[in-house]
There are 2 protein chains.
Amino acid sequence: MKENLLSLDGCAIKVVDAARVEETRQRLVSRDEATSLSELFGLLGDVNRTRILYALLEAGELCVCDLAATVDMPETSVSHALRLLRTAAVVRARRDGRMMFYRLEDDHIRLLLDLTLQHLRHDAPVVAKKKLLKKPARKGRG
Amino acid sequence: MKENLLSLDGCAIKVVDAARVEETRQRLVSRDEATSLSELFGLLGDVNRTRILYALLEAGELCVCDLAATVDMPETSVSHALRLLRTAAVVRARRDGRMMFYRLEDDHIRLLLDLTLQHLRHDAPVVAKKKLLKKPARKGRG
DNA sequence: TTCATATCTGAATATGTATGCAGATATGAG
DNA sequence: CTCATATCTGCATACATATTCAGATATGAA
């Protein structure tokens, strides 16, 4: 009999390795941190914002209209996207006359984008792209 | 007169630095790559999945029930989350008897999680958390 | 075989989010 | 001042996504 019961907020949950669960729970990121992390990731989880960010990674700094031209999107959409990214301190804005120039906020962001792109290019398609896999087709991945 | 016109798919868009736009467009990640990248980021853009991943980062390997206990979520929710992560090759599953053990797929993922957590902890709150800024309060920014 | 356990899956709904439009704001020129 | 340009913002809707439930599958035990 390996199973144990671990009581969490008054609700008993069956666990196998209670010690490891307890230890992991203590070292786990807090809910607030997890929320912040997921909000950051969520911002990158949109194709248009992603393209904007990688455009900035390549270009260094671009104004809204050039950014819109680069990623081929209406300026309004780019502006909406940039607002979210700016609010989350993923990009930084600088005004020059009537124009706003945007660039990535810091090297953490650049590294994050670069690392993920490397991951993608080395590890092949990340997502099946379709509506998940209709068939499990669990084969060559062992 | 600095402005130029750059024609893209038959639609003229005003740009400031046409050369930089053109160069950036050529070096920009493709749409397919951007889609894959954003899908990966999108997977991390959910608090529950984020907590699951950081739990795996701490624990190394956990079965579904221990994972559920660790992050304090119903097993069904954890299973749903794991399916998405598994499909995207973010986590890897191993069966042992009736149980499935999950761990992070590779070091890219570990590095990504670690880097982002460092970014968060060094750079303070990533997102304002509220409904964006209610007041523009555009004042001291000049 | 039958039963119990651990996990998975599909469907419904409820919530969140992106997109485009219309108008607002900010800056520079005259 | 007025006008034009560059960007921003709020709102509405259309789309996507998380969550939950009920039932399915897979494995082990008897």
Side-chain angles (χ1 to χ4, degrees), chain A residues 1-3 5 13-17 35 38-39 41-52 62-69 71-88 91 93-102 127 131-136 138, chain B residues 1-3 13-17 35 38-39 41-52 62-69 71 73-88 91 93-102 127 131-139 141-142:
Chain A
M1 175 62 87
K2 293 187 298 183
E3 279 92 11
L5 287 184
I13 297 180
K14 200 176 306 174
V15 301
V16 175
D17 189 341
T35 300
S38 64
E39 282 171 345
F41 284 129
L43 280 174
L44 310 186
D46 173 84
V47 204
N48 292 326
R49 287 194 294 266
T50 299
R51 295 182 70 230
I52 288 173
L62 285 174
C63 69
V64 176
C65 62
D66 281 6
L67 208 34
V71 298
D72 197 14
M73 284 170 54
E75 295 182 7
T76 294
S77 303
V78 173
S79 188
H80 272 284
L82 287 171
R83 173 164 63 145
L84 295 173
L85 296 170
R86 181 164 28 91
T87 303
V91 302
R94 174 179 71 84
R95 178 179 283 282
D96 181 16
R98 271 168 287 188
M99 285 181 269
M100 294 290 283
F101 284 86
Y102 285 86
V127 164
K131 287 275 189 174
L132 275 182
L133 26 162
K134 215 54 186 175
K135 285 267 195 68
R138 188 155 302 293
Chain B
M1 174 64 88
K2 293 187 298 184
E3 280 90 11
I13 296 181
K14 200 177 306 174
V15 300
V16 174
D17 189 340
T35 300
S38 65
E39 281 170 345
F41 284 129
L43 280 175
L44 310 187
D46 172 84
V47 204
N48 292 327
R49 286 195 294 266
T50 299
R51 295 183 70 230
I52 287 173
L62 286 174
C63 68
V64 176
C65 63
D66 281 5
L67 208 35
V71 299
M73 282 171 55
E75 295 182 6
T76 295
S77 303
V78 173
S79 187
H80 271 286
L82 287 171
R83 174 165 60 145
L84 293 174
L85 295 169
R86 182 164 27 93
T87 303
V91 302
R94 174 178 70 84
R95 178 179 285 281
D96 181 15
R98 271 169 287 187
M99 286 181 271
M100 294 289 283
F101 285 85
Y102 284 87
V127 165
K131 286 276 190 171
L132 276 182
L133 23 160
K134 211 56 187 173
K135 284 268 195 68
R138 190 154 303 290
K139 277 203 154 186
R141 241 266 173 238

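Only a predicted model underlies this, so the values are computations on that prediction, with no experimental measurement involved. Chain letters run A, B, ... following the sequence lines, proteins first and then strands; every chain starts at 1.
Counting to the nearest Å, the P atom of D:dC8 and the CG atom of A:Leu67 are 10 Å from each other. The interatomic distance linking B:His80 (NE2) with D:dT20 (C1') rounds to 8 Å, in whole Å. Atom CG of B:Leu44 is separated from atom C1' of D:dA18 by 16 Å (rounded to the nearest Å). Rounded to a whole Å, the CG atom of B:Leu84 is 17 Å from the P atom of C:dT7. Atom-to-atom, CZ of B:Arg94 to P of C:dT7 comes out at 12 Å; the value is rounded to the nearest Å. Following rounding to the nearest Å, A:Phe101 (CZ) and D:dA6 (C1') show an atom-to-atom distance of 11 Å. The CZ atom of A:Arg98 sits 6 Å away from the P atom of C:dA29 (whole-angstrom rounding). Per the geometry, CG belonging to B:Leu43 stands 8 Å off P belonging to D:dA18, to the nearest Å.
If A:Asn48 and B:Ser79 are placed on DNA chain C by their nearest nucleotide, the residue sitting closer to the 5' end is B:Ser79. Residue whose closest nucleotide on DNA chain C sits further toward the 5' end, between A:Asp46 and B:Leu82: B:Leu82.
Here the side chain of A:Arg83 is nearest to one of D:dT9, C:dT9, C:dA18, namely D:dT9. In the set C:dA22, C:dT7, D:dC21, C:dA22 carries the atom at the smallest distance from any side-chain atom of A:Thr76. Among the nucleotides C:dA26, D:dT7, D:dT20, the one closest to the side chain of B:Ser77 is D:dT20. Listed nucleotides D:dT5, D:dT7, D:dT27 differ in distance to B:Arg95; the shortest reach to its side chain belongs to D:dT27.
Distance check: A:Asp66 CG to A:Met99 CE gives 8.0 Å after rounding to the nearest 0.5 Å. With rounding to the nearest 0.5 angstrom, the SG atom of B:Cys65 is 12.5 Å from the CE atom of B:Met100. Note that CZ of B:Arg98 is 12.0 Å distant from SG of B:Cys63, once rounded to the nearest 0.5 Å. Summarising the geometry, atom CD belonging to B:Glu39 is positioned 8.0 Å from atom CG belonging to B:Leu43; distances are rounded to the nearest 0.5 Å. Taken to the nearest 0.5 Å, the CD1 atom of B:Ile52 stands 8.0 Å off from the CG atom of B:Asp46. For the atom pair CZ of B:Arg49 and CG of B:Leu44, the computed distance is 8.0 Å after rounding to the nearest 0.5 Å.
Computed from C1' positions of five pairs at each end, the angle between the two local axes of the helix from C:dT1-D:dA30 to C:dG30-D:dC1 equals 30°, rounded to 10 degrees.
A:Tyr102 comes within contact range of the sugar-phosphate backbone alone, with a heavy-atom separation under 4.0 Å but no base atom that close.
The one candidate from B:Leu62, B:Val91, B:Leu85 that meets the side-chain contact (heavy atoms from CB on, under 4.5 Å) condition with B:Tyr102 is B:Val91.
Between D:dA6 and B:Lys14, a contact under 4.0 Å exists linking OP1 or OP2 to a side-chain N or O.
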